[in-house]
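The analysis underlying the following values was restricted to heavy atoms, covering all of them including side chains, and did not include hydrogens, waters or symmetry mates. These numbers come from a predicted model, not from an experiment.
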Amino acid sequence: MARLSEHGIRLSAMSPTYLHTNSTSHTWPFSAVAEIIDNACDPGVCAKQMWIDVTEIKNELCLVFTDNGNGMTPIKLHKMLSFGFTNKTGSKNHLPIGVYGNGFKSGSMRLGQDAMVFTKNGGALSVGLLSQSYLEQINAQAIIVPIVPFNQQNKNLIVTEDSVPSLEAILKFSVFKSQEELLAEFDTIVGKKGTRIIVWNIRRNKDGKPELDFETDQYDIRIPDINCDESAGKKKIFKRPERLDQHIPESDYSLRAYCSILYLKPRMQIILRKKKIKAQLITKSLAHVEYDVYRPNFINKRVKITFGFNCKNKEHYGIMMYNKNRLIKSYEKVGCQIKSNARGCGIGVIGIIECNFLKPAHNKQDFEYTKEYRLTLQALGQKLNDYWKEKKTKKRQEEADSTEMIEEPRTAPDQAWVQCETCMKWRKLPPEVDPESLPENWYCNMNPDPKFRDCSIPEEPEESDDEITPSYEKTSKKYDQSLERKRTKSLEQESLMSPEQQSELFSPSQSQDSLKPEESEEKEEEEEEE
């Protein structure tokens with residue numbers, strides 16, 4: 001007989017197979033990894049560091065995620081291992097990424113069949129098991145999550161109504177076979193608080209090899225192309241299903257590259273396989289930077305858009321769309337970048353926008369395909385076209401005015417920024433400082449600028465949304481509008497002429513002359529597109 005609710009009506013049940021079903025929302029494995037990282041940097045946890053490692057535990061290949069955040073109580077751990085529970089609250093400067101109460105379940109079960117969570121919050125040590133293998137072996141009819149709490153001071157078992165059978169289940173069906181082994185895992189979490197997640201029975205391809213490549217780079221986790229012809233010595237690169245580009249960004253197949261741009265303003269240090277990931281402050285990593293403003297007609301808000309040129313690889317371009325500081329879509333082509341007849345327009349241009357007014361899809365790799373989303377893409381396309389046209393017009397003018405050779409496109413950002421190892425604040429470096437000359441671990445007290453030489457000093461303030469204005473004048477757009485008005489006026493005047501006047505206007509000799517300006521304009525437009 002099914003359990004009854006307080007209303008005397010039977011409760012819904014959840015089949016164990018739902019753990020796998022739920023995980024299939026992640027078609028790309030790195031999106032599953034991102035779910036676990038998100039939980040560590042969300043408000044309430046606020047980890048400063050996360051370590052991602054690949055290790056073997058009793059001959060089982062495991063993915064391990066460890067953070068130094070605030071940890072969880074046994075009650076919070078139970079909610080984390082359940083579905084749909086989320087009570088995350090944030091501030092204006094730190095909004096929660098997770099909204100569905102489902103990220104850990106979908107993410108961990110996408111990476112492997114089984115996961116254990118070790119967490120300590122200063123008072124209790126708690127361990128929980130979310131395991132498809134366990135549920136299958138006991139022929140469970142519903143999802144069961146064994147959770148065992150220990151006293152953090154004396155490490156004695158805290159006896160609850162289910163702690164003893166939960167401990168028995170964990171020791172029988174996990175990779176840890178004694179209470180001492182469980183408690184030893186808590187010692188790997190540095191400090192009094194933090195969380196450690198171990199995923200095993202890693203997903204494998206049909207050939208038996210792990211889905212993820214742990215061997216090519218000892219400091220990275222990569223996605224191999226399963227069609228790679230290794231015997232012929234040909235090396236192919238993994239391509240995401242939705243990526244139509246011929247030039248594949250490294251962030252598509254390298255976890256290190258993906259994590260470096262995962263957050264618009266990184267606040268947590270990620271150490272991947274014993275080596276720190278060099279996070280990018282992406283809005284400050286471009287050349288020829290300009291700002292524009294998007295004013296959606298469906299919200300009373302001004303949204304900042306940053307445009308600039310990719311300094312590292314001009315073949316990687318498009319819009320980087322974030323939501324609540326988290327990357328949702330990368331290198332999304334808009335405007336002239338997607339037109340088949342654009343002949344190279346928009347190449348190298350990156351646009352960056354934080355779309356907190358749009359709703360992310362379940363796997364946080366896309367936005368819901370709403371009218372508001374389509375309007376946003378349309379507006380981004382128009383604004384990217386404005387930026388591209390203005391920069392190209394300016395370059396042509398400089399070439400025409402100069403008697404010297406024009407410099408090649410800039411290969412360094414307009415500004416250099418560095419993150420403090422202690423406070424995680426970002427500091428702007430003076431122009432004379434070469435970022436490549438800085439030590440791997442940089443601190444505020446090394447700052448040449450005395451105004452920002454202490455961790456207690458806030459970051460340089462940026463304009464609020466209400467104060468944002470475009471940083472450049474769109475002279476090309478104004479010229480086009482002026483030209484269009486002249487053409488319209490000319491057509492209106494022609495419509496008022498008598499047939500005799502029109503015949504005189506378009507006599508053969510005048511017709512040839514009248515065509516010249518138009519041909520000149522068309523030629524200019526073709527050059528501009530190039």
Side-chain angles (χ1 to χ4, degrees), residues 1-7 9-39 42 60 62-63 65 72 74-88 96-119 126-148 162 165-166 168-170 172-175 195 197-206 210-212 241 359-366 368:
M1 180 68 182
R3 283 182 57 198
L4 302 182
S5 70
E6 65 270 23
H7 304 288
I9 301 170
R10 71 182 64 188
L11 292 167
S12 173
M14 186 174 288
S15 168
T17 58
Y18 181 71
L19 289 177
H20 171 71
T21 304
N22 184 48
S23 72
T24 58
S25 64
H26 295 289
T27 57
W28 183 50
F30 288 171
S31 71
V33 174
E35 294 280 12
I36 297 175
I37 298 174
D38 289 343
N39 283 343
D42 260 345
E60 278 283 355
C62 300
L63 269 171
F65 304 82
M72 291 174 280
I75 293 173
K76 283 189 175 180
L77 176 58
H78 180 252
K79 287 185 175 181
M80 176 190 175
L81 298 177
S82 303
F83 290 84
F85 291 94
T86 180
N87 55 358
K88 296 175 182 177
I97 300 166
V99 293
Y100 301 114
N102 187 53
F104 170 75
K105 279 75 64 178
S106 64
S108 61
M109 294 295 100
R110 170 64 178 81
L111 297 171
Q113 286 192 326
D114 311 297
M116 285 188 75
V117 182
F118 296 83
T119 184
S126 306
V127 56
L129 175 68
L130 186 68
S131 169
Q132 297 178 62
S133 302
Y134 160 60
L135 297 174
E136 185 179 333
Q137 289 182 54
I138 66 171
N139 197 26
Q141 301 303 302
I143 295 175
I144 302 170
V145 285
I147 295 174
V148 181
D162 68 337
S166 291
E168 291 174 355
I170 288 173
K172 184 175 180 181
F173 294 99
S174 78
V175 291
T195 299
I197 296 165
I198 300 175
V199 180
W200 72 97
N201 274 329
I202 302 296
R203 182 176 288 204
R204 295 178 179 270
N205 300 319
K206 289 185 178 180
E211 174 189 38
L212 297 169
K359 197 170 184 181
H362 193 235
N363 62 4
K364 300 191 186 75
Q365 294 300 306
D366 205 343
E368 292 185 357

Can you give me every donor-acceptor pair (side chain of residues 76-85, partner residue at least two apart or in another chain, under 3.5 Å) with its distance?
unit_1, atom_1, unit_2, atom_2, d
Ser82, OG, His78, O, 2.7

- Message: What I'd like to find out is whether the side chain of Phe30 reaches to under 4.5 Å of the side chain of Leu212, using heavy atoms alone.
- Response: yes
- Message: Under the salt bridge (charged side-chain N to carboxylate O under 4.0 Å, His left out) definition, can you give me all pairs with a residue in residues 96-112, not counting sequence neighbours?
- Response: Arg110-Glu211
- Could you give me the CA-CA distance, side-chain angles and deciding distance for Asn363 and Ser25, then say whether side chain to side chain donor-acceptor pair (under 3.5 Å) is met? CA-CA 6 Å; Asn363 62 4; Ser25 64; 5.7 Å; no
- Considering all heavy atoms, the nearest Pro29-Leu111 contact: O-CD2, 3.9 Å
- Query: Who are the side-chain hydrogen bond (donor to acceptor under 3.5 Å, both in side chains) partners of Thr119, not counting sequence neighbours?
  - Reply: Thr195
- Message: Under the rule for ring pair (Phe, Tyr, Trp, His ring centres under 6.0 Å), what residues qualify as partners of Tyr134, not counting sequence neighbours?
- Response: Phe173
- Message: Please enumerate all residues that pass side-chain hydrogen bond (donor to acceptor under 3.5 Å, both in side chains) together with Thr21, with sequence neighbours excluded.
- Response: none
- Within the side chain of Gln137, is there an N or O that forms a donor-acceptor pair under 3.5 Å with the backbone of Leu135? no
- Query: Mind checking what makes salt bridge (Lys or Arg N to Asp or Glu O under 4.0 Å) contact with Asp366, not counting sequence neighbours?
  - Reply: Lys329
- Note on the structure: With sequence neighbours left out, the residues meeting side-chain contact (heavy atoms from CB on, under 4.5 Å) with Ala34 are Tyr258, Leu262, Arg326
- Pairwise distance CE(Met116) to CD1(Ile170) - rounded to 0.5 angstrom: 5.0 Å
- Task: First locate atom OG of Ser126, then atom CE of Met72, and finally report the distance between them rounded to the nearest 0.5 Å.
- Result: 8.0 Å
- Query: What residues form a side-chain contact (heavy atoms from CB on, under 4.5 Å) with Gln113, not counting sequence neighbours?
  - Reply: Gln132, Ser133, Asn201
- Note on the structure: With sequence neighbours left out, the residues meeting side-chain contact (heavy atoms from CB on, under 4.5 Å) with Ala13 are none
- Note on the structure: Residues passing the side-chain contact (heavy atoms from CB on, under 4.5 Å) test with Glu168, sequence neighbours excluded, are Val164
- Task: Could you note down all residue pairs passing salt bridge (charged side-chain N to carboxylate O under 4.0 Å, His left out) where residues 28-37 supplies at least one of them, sequence neighbours left out?
- Result: Glu35-Lys364
- Return yes when atom CD1 of Ile75 has more than 12 non-hydrogen atoms of other residues, nucleotides or ligands closer than 6.0 Å, and no otherwise. no
- Item | Euclidean distance, Leu130 CG relative to Phe104 CZ, rounded to 0.5 Å | 6.0 Å
- Non-hydrogen atoms of Ala115 and Ser108 that approach each other most closely: CB-CB, 4.1 Å
- Distance in Å, Asp114 CG paired with Leu129 CG, rounded so as to fall on 0.5 Å steps: 7.0 Å
- Task: Look at atom CD of Glu136 and say whether more than 12 heavy atoms of other residues, nucleotides or ligands are closer to it than 6.0 Å.
- Result: no
- Ser174 to Trp200 - nearest heavy-atom pair and separation: CA-CZ2, 3.9 Å
- Do the non-hydrogen side-chain atoms of Val33 and Leu63 ever get within less than 4.5 Å of each other? no
- Task: Evaluate the side-chain proximity of Asn139 to Gln141: yes if any heavy-atom separation is below 4.5 Å, no if none is.
- Result: yes
- Note on the structure: Of all heavy-atom pairs linking Ala140 and Pro16, the shortest is O-CG, 3.4 Å
- Rounded distance (nearest 0.5 Å) linking atom CD1 of Ile143 with atom OG of Ser131: 11.5 Å
- Message: Taking ring pair (Phe, Tyr, Trp, His ring centres under 6.0 Å) as the definition, give me every residue that meets it alongside Phe118, ordered by chain and number, with sequence neighbours left out.
- Response: Phe176, Phe186
- Query: Do Asn102 and His362 come within less than 4.5 Å of each other through their side chains, counting heavy atoms only?
  - Reply: yes
- Message: Measuring from atom CZ of Phe65 to atom CD1 of Ile36, what distance do you get when rounded to the nearest 0.5 angstrom?
- Response: 4.0 Å
